4 protein chains.
Amino acid sequence: MPPDAARRSDRSRRAILVAALELVEALGYSKLTIEAVAARAGVGKQTIYRWWPSKGPLLFDALVELGPVGHDSPPSGDLAADLKRELRLAVGELAERRFDQVCRVLVHESRTDLVTLLLMPRRMVVEDRLRSAQRLGDVRPDVDVSAAAELLLGSLYQRWLLRTAPLTEDFTDAVVDLVLRALSDRP
Amino acid sequence: MPPDAARRSDRSRRAILVAALELVEALGYSKLTIEAVAARAGVGKQTIYRWWPSKGPLLFDALVELGPVGHDSPPSGDLAADLKRELRLAVGELAERRFDQVCRVLVHESRTDLVTLLLMPRRMVVEDRLRSAQRLGDVRPDVDVSAAAELLLGSLYQRWLLRTAPLTEDFTDAVVDLVLRALSDRP
Amino acid sequence: MPPDAARRSDRSRRAILVAALELVEALGYSKLTIEAVAARAGVGKQTIYRWWPSKGPLLFDALVELGPVGHDSPPSGDLAADLKRELRLAVGELAERRFDQVCRVLVHESRTDLVTLLLMPRRMVVEDRLRSAQRLGDVRPDVDVSAAAELLLGSLYQRWLLRTAPLTEDFTDAVVDLVLRALSDRP
Amino acid sequence: MPPDAARRSDRSRRAILVAALELVEALGYSKLTIEAVAARAGVGKQTIYRWWPSKGPLLFDALVELGPVGHDSPPSGDLAADLKRELRLAVGELAERRFDQVCRVLVHESRTDLVTLLLMPRRMVVEDRLRSAQRLGDVRPDVDVSAAAELLLGSLYQRWLLRTAPLTEDFTDAVVDLVLRALSDRP
DNA sequence: CGGTAACCGAGACGGTACGTCAAGTCTTAAC
DNA sequence: GTTAAGACTTGACGTACCGTCTCGGTTACCG
């Protein structure tokens, strides 16, 4: 018989999520233990195991609930400027330690669904912006917008994950410039 | 007193690396234990701890020694074709389960050095090819070749890590076509 | 605030006692859990904790209410025969699985009061019979009747508890014969 | 693969047995936990589980190794005196808290073998003494010596287990006197 | 060529955390 | 307004591995 979500103690739930986030920030993911989360949250281990199967989903919930929130800004008329701003936001988000820690592990565990949930919103914003630019003729009509979005965010995520080089704003700007050249008729 | 590499038993060393690779393939990284490696290799645990500090480096050595080998082919005159071939090779490599498992965890543990060592060779090949194309005028002289290489491989690695979509050869071809347009004068 | 016995649900009370007895018979004492009793009785755990402090008293009540009942028979004139019959009855009682289980644990927990309540009646019968025999001269007047009763039942209970040997009727008969010799003038 | 007794650490073994005995004396059996024993002995839990399956056998070993030792005295010519001394020794032994606690639980768990091992020696001494008295004619030749021993020790053990009355030396003396009367020709 | 120093297999050791179980307490919805 | 249901904190369970250690035994270098 599954636990009865209606009876769930919200106080415990929030204490657990907060504790998990604090600890993952302090210790990193692999040194984080369920026992420590329970202790810091002032909660029985069973209360964690009742509602989450393991560390991964727990941290995912913690991040979704208490994590960084997107700051949507209205698009200006300048495609390059808009994309540059968007990529800088993404970079800033990735730099937050708790977000970084949790996302890395979700990537590692191949939790596609969760990754998608956390990273996709950024991508959707980029794609939307590209599509509207395409309607205005700033982007050639034969361009695959979703591939273009992947091109923009891909190099960024790669540097984040692989740490091959620092994630500077100069870099993201350069990526935007380079990709936009591929998308437009104008040289 | 540091271990004396001269006396090292090569039989044991190889048995350990083989066992590690077999087990990581069968169980995945996180369920792989040193004890299991020792047992399967018919080796004392101490013999592993004597030569490797932890799972990560052990698997790294195993991969480097027994892992996939690059198949270098001479560049043809066709830049697009060369890049497409190169990216397909990279994709094939990433698809190998043992390589995949180990690389993911190295990424996760932020072992930059190791990641670099495993993934960089591919990138160097791409960069070299772009540079020679730049000399021949197929790529504009103001293009940052290493940024371009990152653009090419970035989206590929991203799909691999995030599993946002299947890593098909159609996709890699499309990426090459899109990026090359950004790099060349010709429309 | 103590529970209000007047409001007590007799249906629940009986269901609990029955469930307890069934389960102790099936599982033995140590594997019996309050949770299982509550579940089988279709009762909340609190309803058990409201009325009983722990497993021991609960089972004691169960036994007292639903347990074996004594079959009193009138004394005949033959002391030896009467005692032999009485000891056989006691042995039969001890052999009942649920009685055995519960009594053993009460002994273990040193619940003197409960032990007394359960085992004393048998002893009283024996003492009464010996006392009347003493009045008739079948037992020497200087004999301590309660010590004699202890002698008779002691070896019996010892075999039961320690399982040093099977509890046969031959054995109880032999005990009676042996003890009676100590109690009477006649050789 | 069973543990290799040759490699066993005697220091740990003794520390565990000592800790177990101290704790059972302080807390009683049911509140004694393996975790507490391990902690007090400065030992990993696994080291206990490696060598003992559960609390019972562990405490049994502790008692056998560190428990009360029998003080054998040579029989005098006086049967009654010898038996009285022997029963007093038995009573003294049962009064030791750690012995009491452990024996009670062994009785409860029906560990016949262990009970036998701990309690039988006393009984053997009694039987031997009775047998030699039988050879000398102090005990009638038709008496079942082992039944007689049970009579002597049975009431004693019963009082111990059931706590029906205090285990005084007056009581054990009275038992001896009463039983001896049953065993001898002389009134 | 015999001694000795390192490696080797094995596995016991003190630990940490696991995930489970039941105890006994507290809360809630329904009857 | 007591009950059933069940979530809660607590704490021990027994297991799995960790990384260290000690044990004989077996090489393989060195005097």
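Given the structure is predicted, the values throughout are model-derived calculations rather than measurements. All chains are named by letter (A, B, ...) in the order of the sequence lines, taking the proteins before the strands, and each is independently numbered beginning at 1.
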A.B. asks: Once you round it to whole Å, what is the distance between C1' of F:dC23 and CZ of D:Arg8?
C.D. replies: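 Nearest whole value for this atom pair: 17 Å.
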A.B. asks: Considering all heavy atoms of both residues, which atom of A:Ala41 and which atom of A:Ala15 are nearest to each other, and what is their separation?
C.D. replies: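 The answer is CB-O, 3.5 Å.
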A.B. asks: Considering only heavy atoms from C-beta outward, does the side chain of B:Leu32 approach that of B:Leu59 to under 4.5 Å?
C.D. replies: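 Yes, close enough: below the 4.5 Å cut-off.
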A.B. asks: How many Å lie between CD1 on A:Ile48 and C1' on F:dC8, as a whole number?
C.D. replies: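 Atom-to-atom, A:Ile48 to F:dC8, this comes out as 13 Å.
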A.B. asks: Between the protein and nucleotides 24-26 of chain F, list the N/O to N/O atom pairs that are separated by less than 3.5 angstrom.
C.D. replies:
none

A.B. asks: Work out which heavy atom in A:Ser12 is nearest to a heavy atom in A:Thr47; give both atom names and the distance.
C.D. replies: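 The pair with the smallest heavy-atom distance is CB-CG2, 4.4 Å.
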A.B. asks: Considering heavy-atom distances to DNA chain E, does D:Val43 or B:Ser12 have its closest nucleotide positioned more toward the 5' end?
C.D. replies: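 Looking at DNA chain E, the more 5' nearest nucleotide goes with B:Ser12.
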A.B. asks: Is it the case that the side chains of B:Asp61 and B:Trp51 hold a donor-acceptor pair, with the cut-off being a distance below 3.5 Å and no angle test?
C.D. replies: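 B:Asp61 and B:Trp51 do not have a side-chain donor-acceptor pair below 3.5 Å.
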A.B. asks: Measure from CZ on D:Arg50 to C1' on E:dG15 and round the result to the nearest Å.
C.D. replies: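 The distance from CZ of D:Arg50 to C1' of E:dG15 comes to 12 Å, rounded to the nearest Å.
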A.B. asks: Determine the minimum heavy-atom distance between C:Ile16 and C:Trp52, stating which atoms define it.
C.D. replies: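 Where C:Ile16 meets C:Trp52 most closely, the heavy atoms are CG2-CZ3, 3.8 Å.
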A.B. asks: Send over the distance from D:Asp4 CG to E:dG9 C1', rounded to a whole Å.
C.D. replies: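 About 13 Å, once rounded to whole Å.
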A.B. asks: Would you classify B:Trp52 as touching base, sugar-phosphate or nothing, given that sugar-phosphate means primed atoms plus P, OP1 and OP2, and contacts are heavy atoms under 4.0 Å?
C.D. replies: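 Since no nucleic acid heavy atom lies under 4.0 Å of B:Trp52, the category is nothing.
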A.B. asks: Heavy-atom nearest nucleotide on DNA chain F for A:Ala5 versus C:Gly44: which residue maps closer to 5'?
C.D. replies: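 Comparing both residues, the 5'-ward one is C:Gly44.
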A.B. asks: Any side-chain N or O of C:Thr47 below 4.0 angstrom from OP1/OP2 of F:dA4?
C.D. replies: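 For F:dA4, OP1 or OP2 has a side-chain N or O of C:Thr47 closer than 4.0 Å.
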A.B. asks: Do the side chain of B:Lys55 and the main chain of B:Tyr29 share a donor and acceptor less than 3.5 angstrom apart?
C.D. replies: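 Pair found, side chain donor or acceptor close to backbone of B:Tyr29.
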A.B. asks: Who are the side chain to side chain donor-acceptor pair (under 3.5 Å) partners of D:Glu65, not counting sequence neighbours?
C.D. replies: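 D:Arg13, D:Arg14.
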A.B. asks: Give me the distances for all protein-to-nucleotides 17-21 of chain F N/O pairs that come in under 3.5 Å?
C.D. replies:
from   : atom 1 : to      : atom 2 : distance (Å)
F:dC18 : OP1    : B:Ile34 : N      : 3.2
F:dC18 : OP2    : B:Ile34 : N      : 3.3
F:dC18 : OP2    : B:Glu35 : N      : 3.2
F:dG19 : OP2    : B:Tyr49 : OH     : 2.7
F:dG19 : N7     : B:Lys45 : NZ     : 3.2
F:dG19 : O6     : B:Lys45 : NZ     : 2.6
F:dC21 : N4     : B:Gln46 : NE2    : 2.2

A.B. asks: Go through it in stages, so that I can follow the logic: the residues are D:Leu17 and D:Leu63, the test is side-chain contact (heavy atoms from CB on, under 4.5 Å), and I'd like the CA-CA distance, side-chain angles, deciding distance and then a yes or no.
C.D. replies: CA-CA 8 Å; D:Leu17 296 179; D:Leu63 246 191; over 6 Å; no
A.B. asks: Taking CZ in A:Arg50 as the centre, count heavy atoms belonging to other residues, nucleotides or ligands within less than 6.0 Å. Is the count above 12?
C.D. replies: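 Yes, CZ of A:Arg50 has more than 12 neighbouring heavy atoms, counting only those of other groups under 6.0 Å.
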A.B. asks: Whole angstroms only, please: what is the CZ-P distance between B:Arg13 and E:dG9?
C.D. replies: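 Going from B:Arg13 (CZ) to E:dG9 (P), I get 14 Å.
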A.B. asks: Would you mind reading off the distance between D:Leu58 atom CG and F:dG14 atom P, rounded to a whole angstrom?
C.D. replies: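 Going from CG in D:Leu58 over to P in F:dG14 covers 12 Å.
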